[in-house]
Structures are given as C-alpha cells and as structure tokens.
Amino acid sequence: MTKTKEAFVFGLDIGTRSIVGTVGYKNKNRFVVVAQESKEHETRAMLDGQIHDIHAVGETIKEVVELLEEKIGEPLKQVSIAAAGRVLKTVTVHADMEFLEDKLITQEDIYGLDSLAVEKAYEQFQVENRTDMRFYCVGYSVVKYYMNGYLIGNLESHKAKSIGVDLIATFLPDDVVDGLYRAVEYAGLEVANLTLEPIAAITVAIPEMYRMLNIGLIDVGAGTSDISITKDGSIIAYGMLPVAGDSLTEVVARHCLVDFTTAEEIKKGISVADGVEYKDIMGLPQTITREQVLDICNESVTMMAKQAADKILELNGGKPVSAVFVVGGGGKIQGYTDYVAEYLGIPKERCAVRGSEVMDNIDFLETDVVKDSLLVTPIGICLNFYEKSNNFIFVTFNNTRIKLYDNNKLSIVDAAMQADFPNDGLFPKRGQSLNFTINGKQKVIRGEAGEAAVITLNGEPADIHTPIRRNDLITVKESTAGKPGEMEVGKLPEFSASLSIFVNEQKVDFPKFASVNGQLQSAFYSIQENDKIEMLNFYTVKQIIEFMDVILDKNMNIYVNNRIADLDTKVYENFSVIWTLEVLELPEVEIEEETIPPSQAEEMEEEAVENKPLESMPQSEEAGEMTTLHIIVNKKPITLSGKKDYIFVDVFDYIDFDLSKPHGTSVETVLNGEKAGFTQLLSEGDVLDIFWKKE
C-alpha cells in the first residue's frame with residue numbers, strides 16, 4: 001500500500017440482496033481496485049431497493065467495512081453510495097449563464113452552470129410534485145453544453161459571453177434517501193457522495209466514446225431494474241422498475257416449497273451445475289434440474305424483459321435503441337437478453353450481458369477477482385465520486401439536524417425552508433389590518449410592522465442570505481407582529497371637526513358625528529373590524545334643539561332656510577334655522593351652490609315642504625314634561641334636571657371634564673360596565689365612567 005488514505009475512494013453498493021464494498025484510487029485514466037468485499041443480508045432487510053430495517057443493514061455495512069479496513073490497514077470514514085427505488089422522478093431543464101464580456105470558462109464556471117440548472121430543476125419539480133412525499137435530487141447528468149448559443153462538447157478554456165446546459169436531474173423520495181444515510185451513519189460512516197444506481201452503472205458500462213450511439217443499459221439487481229439511455233454523446237433518460245432478480249427467487253421458493261434463502265441458493269446453483277439438491281419445508285430431500293428452474297422462471301423472466309423493453313421504448317421516444325447492455329446479477333439468467341431483444345425488435349446479438357468487456361480501464365490488485373457484470377455498479381459508484389462529490393450537507397437548525405442538497409449557494413433561508421420554518425417567521429409581521437367601510441367604500445388601515453427574526457450562525461449575528469456550510473449551527477428566533485391597525489373616527493379624512501349652522505341668526509358650531517353600524521358616535525370612537533361608517537354632515541332640527549338644550553313652545557313654527565320645517569328636517573353646513581311663535585313671511589335663503597354637497601342637494605329638495613305650517617309638535621309637548629335623574633359619574637352622585645330625557649353627552653354639563661384639552665389618545669365612555677356612545681339614553685341609577693385613554 002503506497003497510497004495515502006486521502007487518495008482512496010470507498011464505494012458501497014447497498015443492494016437488495018447484498019452489500020458490496022470497493023476501495024480504490026484513480027491513476028490517470030485508470031481505476032485501481034485495492035480491495036473488495038461483499039456480504040449478503042441475513043434477512044430481507046431491503047425490498048425493491050429501499051431499506052426496511054436500518055439497523056440490520058447498518059450491521060451488515062459494519063461487517064463489510066471491518067473486512068476492508070483489515071485488508072487496507074487503514075480506517076474508512078467517508079463513503080460514496082448509490083440510491084435505487086421504485087419511485088424515481090426526472091426533470092429535464094435548460095439553464096443559461098451570461099457574462100458582461102467574453103471570459104475564459106473555468107471548471108468553477110461549469111460547476112456554477114450545472115448547479116444553476118440543478119436548482120432550476122428542483123424548483124420545477126417542486127411545482128410539478130403533487131404528492132405529499134418530499135423528494136431529494138440524488139443525481140444529475142449533463143445532456144448538452146452550449147457556448148454562445150451553439151452546441152459544444154467541453155466548455156473549459158473556451159472564451160464565451162454566455163454558456164448553457166441541458167441537464168437531467170433525478171429525484172427520489174425522502175424516505176429512500178434518509179434510509180440510506182441512516183444505515184451508513186449507523187455503521188459509523190459519513191456520506192461523501194450520493195448518486196443514482198443507473199448513473200453509476202453507465203459510468204463503467206458505456207464509456208463516453210460509445211455514447212454517440214443510441215444504447216440502452218439495464219442494471220438488473222435483486223430488487224430493481226435500473227435503466228438509462230445514451231444518444232448523441234449524452235445520457236438522455238433514466239428509469240426504474242421494481243422487478244428484478246428477487247421476483248425469480250420468489251417463484252422458485254413457491255414452486256420448491258422452500259424459504260427465500262434456499263430458493264436463492266437454488267437459483268444461483270443452476271449457473272454452475274445442471275442440478276441442485278435441497279430440502280423442502282417438510283425436510284424431504286429434493287433435486288431440481290437447470291431446465292426445470294428455467295422452465296418455472298420463464299414466465300417471470302418474460303414479464304421482466306417485456307417491462308424493461310417497454311420502459312426503454314418509453315424513455316427513447318417510442319423507438320427501439322440500437323443496442324442494449326445488461327449488467328447486474330439478475331440479468332444473467334438464461335433467456336432474459338433474448339426476450340428483451342425480441343420485445344424491442346432488435347437482433348438478439350445486440351442485447352448482451354456486459355462484464356469484463358467494459359472493464360479494460362479497471363485494474364484489480366486482488367488476483368482472484370472475476371470481472372463480471374456484478375462489479376459494474378460497485379466500481380461505477382467509486383468512479384462517480386470524481387465527477388460529483390458532497391451532494392448533501394448537514395446543518396443544525398434550531399437544535400434539529402437537517403440535510404440539504406448542496407448547490408454551492410446555500411444560505412440560511414434554504415435551511416429554514418427545508419426545516420419547514422414558517423416563511424412569515426423570517427420577516428417582520430405586520431399587525432392585523434383594520435377593515436371597515438365608510439360611505440359604502442371599503443377602507444383598510446394597515447397594522448404596524450413588527451420586529452424581524454433574530455438569526456445567528458455559529459453564535460454570530462446573521463441574516464437570511466448568509467451562506468452556510470457543512471455542520472453549521474443556525475438559530476432563528478421567529479419575527480414578531482406589530483400593533484394592529486387602529487383609527488378614530490375623528491382622524492378620518494372624511495371627518496371634519498364641526499358643522500356651522502345659523503340658529504336664530506346666530507352662528508353655532510355643532511360637533512360632527514358619524515353613524516357606526518346605525519349608532520351615532522363621536523370623533524373619539526375607535527373603529528372596530530368590519531364597522532360600517534356613514535359620515536353625517538347634517539343635524540336634524542330635533543338634534544339641534546337637544547344639543548342646545550332648549551325647550552320650544554308647542555305653538556312655535558320652525559323654519560329651515562326660510563321654509564317651514566319639522567323636527568326631522570335635515571340641516572346642513574351654513575343652513576339657517578329659526579323657531580318663532582310668529583308666522584314669518586321671509587324670502588328663501590339663497591344657499592351658495594358650493595355650500596351644499598351635490599349628493600345632499602337632491603335629498604334636501606325631496607324633504608323640503610314649501611309653506612307648510614307646523615300644526616302640532618307632540619315632541620315639544622313631551623319635552624315640556626321635565627324629569628330628574630340620579631346617576632353616578634366617576635364614583636360621584638350627579639342629579640340631572642331640566643329635561644324629559646337625558647343622553648350620555650348631557651353629563652358633561654355637570655362634571656369638570658374639558659374635551660378641548662386632551663390628556664390621552666381618546667375619551668373612553670362606559671355605561672354600567674359597557675362601552676357607550678355619546679347619544680346613549682340614560683336611566684335612573686346608571687353608573688358612568690369617563691376618562692382619557694392612554695397608550
């Protein structure tokens with residue numbers, strides 16, 4: 001051993017039936033296999049390429065690692081692995097990278113372009129993925145490179161203003177990938193590289209010089225048949241089928257009445273002998289010939305071959321490939337390649353198992369190694385390490401360890417998304433908006449912005465765009481919400497402070513009121529969610545009388561703008577109101593057009609009654625029946641007198657509470673423990689509280 005441990009590459013082919021470990025190194029254009037070990041699972045811990053018993057698989061990995069470490073005399077810490085699985089998804093994308101001017105293209109530029117395409121594929125897949133399963137990108141293959149819009153084989157060292165790539169990214173479910181990682185970690189290893197089994201197989205089975213041809217590769221393992229297609233110098237498609245060698249073993253087990261392990265021994269035995277002896281479940285000795293095994297497996301072999309041929313046709317645009325290479329142990333059974341060729345419609349000699357024929361550049365230091373199709377994928381996993389390494393990194397996000405696909409541009413926001421951290425928890429939250437209508441039009445008062453999330457990276461302040469690397473420690477304290485939207489009626493642009501009306505030729509300013517959900521409210525009313533507000537820019541004659549706290553003789557006549565009126569007549573800005581015992585013959589007051597809002601002019605015209613005498617005023621008669629009311633205001637007894645009915649606003653005439661000098665944001669009015677408006681009717685014994693609200 002002259003190589004250092006840094007030069008060694010350790011690859012594990014974690015298959016459905018067995019685990020194969022390979023240690024080697026690259027020497028120019030050749031790969032030297034230093035040591036190789038394999039061990040079958042003692043139980044069916046894996047099915048269809050997916051781990052079902054993580055601890056069992058982890059223990060088997062440990063045994064393989066120990067045997068390899070003993071051979072090479074050094075510890076193994078990092079490992080390259082490959083994934084298989086029945087739920088494989090692929091996305092084909094195109095990505096471009098523009099430069100300000102012509103520049104010399106480096107490997108870093110090419111890697112950045114590939115990463116951009118992988119990121120784009122991931123985003124596209126997230127949109128297209130309509131299942132609840134979370135998927136990981138487990139590998140990708142470049143189909144074509146472009147330089148300034150034209151195809152090119154290798155971008156490196158060319159000068160270009162733009163470069164582009166067509167790329168196939170492959171995705172597998174989270175549970176498939178996580179199972180592999182956990183089994184490897186259980187064995188005390190760290191994943192250095194993860195690829196896809198068909199990518200690994202094609203690295204060895206179809207060298208680049210043959211990829212100009214339209215060739216199909218079938219890697220028939222125990223649980224899955226992995227398929228890839230080459231054309232015009234590139235890998236153009238991938239696929240997987242959940243049928244492989246184990247389906248044949250199950251047929252043998254059912255026919256011979258034996259357990260799965262014995263059936264596997266029978267299946268393997270016919271490859272080296274014409275007959276195999278075994279004991280069935282009754283303990284009776286039996287013998288089965290090669291022809292009998294092939295006969296009972298024929299239907300399943302035919303089915304496997306047809307499914308593989310159909311998948312190749314699907315991936316190749318409905319057309320047969322020119323040739324098919326078959327690797328892996330499951331494809332070695334007699335008749336499989338012939339059936340595949342038959343279903344594809346190609347000559348039988350163009351579909352064959354490949355082993356030593358594709359290993360011209362592979363050297364084995366161990367002299368007893370047989371170069372066959374079983375070794376293609378394990379060696380391909382090692383070779384793939386040199387092309388793409390460190391696909392995933394682990395970081396700790398708020399004390400939870402998470403795995404991220406490494407596109408060389410990861411930031412804290414990527415970790416937050418992977419950890420399902422709420423998106424609005426990263427950014428300042430606005431307080432709840434206040435929604436209401438005013439004069440029939442929808443209005444929204446936005447809440448205030450809250451505090452941004454507090455983020456640290458390895459104990460130092462950071463933000464969502466801070467780059468992250470392997471084993472970083474990230475903490476994010478969720479952002480806070482600001483104050484909800486709030487508004488007082490008096491602060492609305494539609495609200496004016498007062499209404500000027502001429503009463504008996506004297507100008508009087510009346511406070512403005514608004515109707516909120518049918519109730520009169522003052523300027524200090526705090527608007528609530530979904531309130532319906534109508535701005536009242538008028539007083540009725542009755543409201544004017546009540547506000548001025550006057551008592552009219554029942555025989556008095558009332559005039560509005562020198563027209564006879566009643567208590568319900570509406571009075572607008574700068575209108576004239578006169579009440580008198582005389583019958584006046586006055587010219588109508590000419591109100592300037594701009595004085596009366598256009599929306600109110602028509603309403604006023606409809607309500608006006610020319611020269612109509614006010615024959616009776618029952619309201620005035622009732623007003624003459626004065627009563628006395630005893631109430632409690634701010635914990636002090638108050639006696640109201642001089643009127644028949646009393647409303648909340650009347651109380652201000654009896655207490656020392658100056659509304660013109662604010663001591664807070666609004667006046668709070670409470671009647672018997674409940675919020676009340678200024679026009680709320682009072683009753684004997686009521687308890688009132690009036691105070692300034694302070695924020």
* Asked: Without hydrogens or angle criteria, can the side chains of Gln36 and Thr22 be said to hold a donor-acceptor pair below 3.5 Å?
  -> yes
* **Contact check, side chains of Phe325 and Ile218, non-hydrogen atoms, under 4.5 Å** => no
* Would you tell me whether Thr475 and Thr456 have side-chain atoms, one donor and one acceptor, within less than 3.5 Å of each other? => yes
* **Derivation of the side chain to side chain donor-acceptor pair (under 3.5 Å) call for Asn214 and Ser322** => CA-CA 6 Å; Asn214 192 197; Ser322 301; 5.1 Å; no
* To do: Give, for atom CE of Met303 and atom CG of Leu241, the distance between the pair rounded to the nearest 0.5 Å.
  => 10.0 Å
* Scan side-chain atoms only and decide if Thr377 and Asp13 contain a donor-acceptor pair under the 3.5 Å cut-off. => no
* Taking the six-membered ring of Tyr386 as reference, does the NZ or CZ atom of Lys26 fall below 6.0 Å from its centre and within a 45° cone about the axis? -> yes
* **Whether over 12 other heavy atoms sit under 6.0 Å from Arg211 CZ** => yes
* Shortest non-hydrogen separation from Arg430 to Gly447 and the atoms involved -> NH1-O, 2.6 Å
* Asked: Judged by atom type as modelled, is there a donor-acceptor pair below 3.5 Å linking the side chain of Asp166 to the main-chain atoms of Val143?
  -> no
* **Any donor-acceptor N/O pair, Asn316 side chain to Gly318 backbone, under 3.5 Å** => no
* Structure fact -> The reported gap from NZ in Lys306 to OH in Tyr343 (rounded to nearest 0.5 angstrom) is 6.5 Å
